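I have placed the structure first, in the form of structure tokens, so that the comments after it can refer back to it.
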2 protein chains.
Amino acid sequence: MKERLQKAFARTGLRQTPQRHDVLAWLVRHKRHSTAEEIFEAVNRSNQRLSRATVYNALHALVESGLVRPVAVEGAASRFDATLDRHHHFICDRCGAIEDLAWFGLPVKAMQAAAGGRAVRDVEITLHGTCERCARGKTKPPPKTE
Amino acid sequence: MKERLQKAFARTGLRQTPQRHDVLAWLVRHKRHSTAEEIFEAVNRSNQRLSRATVYNALHALVESGLVRPVAVEGAASRFDATLDRHHHFICDRCGAIEDLAWFGLPVKAMQAAAGGRAVRDVEITLHGTCERCARGKTKPPPKTE
DNA sequence: CCACACTCTTAGACTAAATCTAAAGTTGGA
DNA sequence: TCCAACTTTAGATTTAGTCTAAGAGTGTGG
């Protein structure tokens, strides 16, 4: 694990500070999609002491170098995701949970046609719907009677 | 136009207040992807006087009823998008511009396989890369030399 | 091994986005 | 008309994220 992170840092040329290491390690270890605040608390709780600003700095550096990906969630604190493996996301309308989905390919031709002259670096796919827990009625049903 | 909005409201059963109308009208008329703040200023500038909270209320009601879609942008105020027509999005890494792309279909089977038992309501696709303006060097190049 | 330049981290102030609250205004149905 | 439910309002409040200035860490040339 240590080595995996070492390599990741080496590969991207990003200087590895203890703080950056801890942030990335947390994201790799915990597959949920944490907010900056959660990471801040979690890492501080364990060993290292690091400031809020450092969490943001580290996250930005990691995103910049591609080791971490921001998961865009509307109307809430953004979440982050170590992406040493490719995957898509599913967000539940009702409870807001973010789940990982297996990677599936895209219609590259159609996509490039739509993109026109733009240089595409990455594609982000998010499915929205109802997660299995919510579908089973584990959470309160939507207020609409209709 | 008026009628189009009328119909949209009727279709969803959402009560049409002047404020909601104005917010939706702005989004339909201006194809850029506005923030709540922009809408607040724009609508107030013209005719109606409406409070910040109302803009948020209206946007949430509209999103709820499907007339408007939030465009999740990490690390910035969320933007909104009247979607009476289907399309995807492109976000420029460098300048942050959000552009609409022509709709293209997805590999439905693979997608459903990845989704497993989850009920999918919608799919959101966002391409990331460099927009044409930035590619032409109209903005400062990235600091990396590498 | 030291000095210097550079990068990173820190605490806390600050800004901006979004929500909450309590009161007043609308609306439609009985 | 009257009532109950819903909507809007202004402004306070909460929360996310950035900024700043000072200090610590790192690495390279001497």
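No experiment lies behind these values; they were computed from the predicted model shown. Letters A, B, ... are given to chains in the order of the sequence lines, protein chains preceding strands, and every chain is numbered from 1. What's counted below: heavy atoms across the whole structure, side chains too, no hydrogens, waters or symmetry copies.
Comparing the local axis fitted to the first five base pairs of the helix from C/dC1-D/dG30 to C/dA30-D/dT1 with the one fitted to its last five gives a bend of 30°, rounded to 10°.
Taking atom NE2 of residue B/H21 and atom P of nucleotide D/dT7, one finds them 17 Å apart after rounding to whole Å. A straight line from CD of A/E37 to C1' of D/dT18 spans 14 Å, rounded to a whole angstrom. Atoms CD (A/E38) and C1' (D/dG17) sit 15 Å apart, rounded to a whole Å. Straight-line distance from the CZ atom of B/R52 to the P atom of D/dT14: 18 Å, rounded to whole Å. Protein atom CD of A/Q16 is 17 Å distant from nucleotide atom P of D/dG25, rounded to whole Å. In this structure, A/F40 places its CZ atom 15 Å from P of D/dT15, rounding to the nearest Å.
Within the model, atoms OG1 of B/T54 and CG of B/D22 stand 11.0 Å from one another, a figure rounded to the nearest 0.5 Å.
Counting only heavy atoms from C-beta outward, the side chains of B/I39 and B/T35 never approach each other to under 4.5 Å. At least one side-chain heavy atom of A/M111 sits under 4.5 Å from a side-chain heavy atom of B/L127.
Using the six-membered ring where Trp is involved, A/H87 and A/H89 have ring planes that are perpendicular, over 60° apart on the 30 and 60° scheme.
A side-chain donor-acceptor contact under 3.5 Å links B/R118 to the backbone of B/A115. With hydrogens and angles ignored, the 3.5 Å screen pairs no side-chain donor or acceptor of A/R79 with any backbone N or O of A/P70.
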Check: protein-nucleotides 6-9 of chain C nitrogen or oxygen pairs below 3.5 Å:
from  : atom 1 : to    : atom 2 : distance (Å)
C/dC8 : OP1    : A/R20 : NH1    : 3.3
C/dC8 : OP1    : A/R20 : NH2    : 3.1
C/dT9 : OP1    : A/T17 : OG1    : 2.6
C/dT9 : OP1    : A/Q19 : OE1    : 3.1
C/dT9 : O3'    : A/Q19 : NE2    : 3.2

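Taking 4.0 angstrom as the limit, A/H60 places none of its side-chain polar atoms (N or O) nearer than this to OP1 or OP2 of D/dG17. Note on A/Y56: every side-chain N or O is 4.0 Å or more away from OP1 and OP2 of D/dT18.
The list of side-chain hydrogen bond (donor to acceptor under 3.5 Å, both in side chains) pairs with a residue in residues 119-129 of chain A, not counting sequence neighbours, reads A/R121-B/D93, A/E124-B/H128, A/H128-B/E124.
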From CA spacing to verdict: side-chain contact (heavy atoms from CB on, under 4.5 Å), B/L27, B/D81: CA-CA 6 Å; B/L27 283 174; B/D81 196 10; over 6 Å; no
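A side-chain N or O of B/D100 and one of B/H33 form a donor-acceptor pair less than 3.5 Å apart.
For A/S78, whose side chain is taken as the heavy atoms from C-beta onward, the closest listed nucleotide among D/dG17, D/dA10, C/dA18 is D/dG17.
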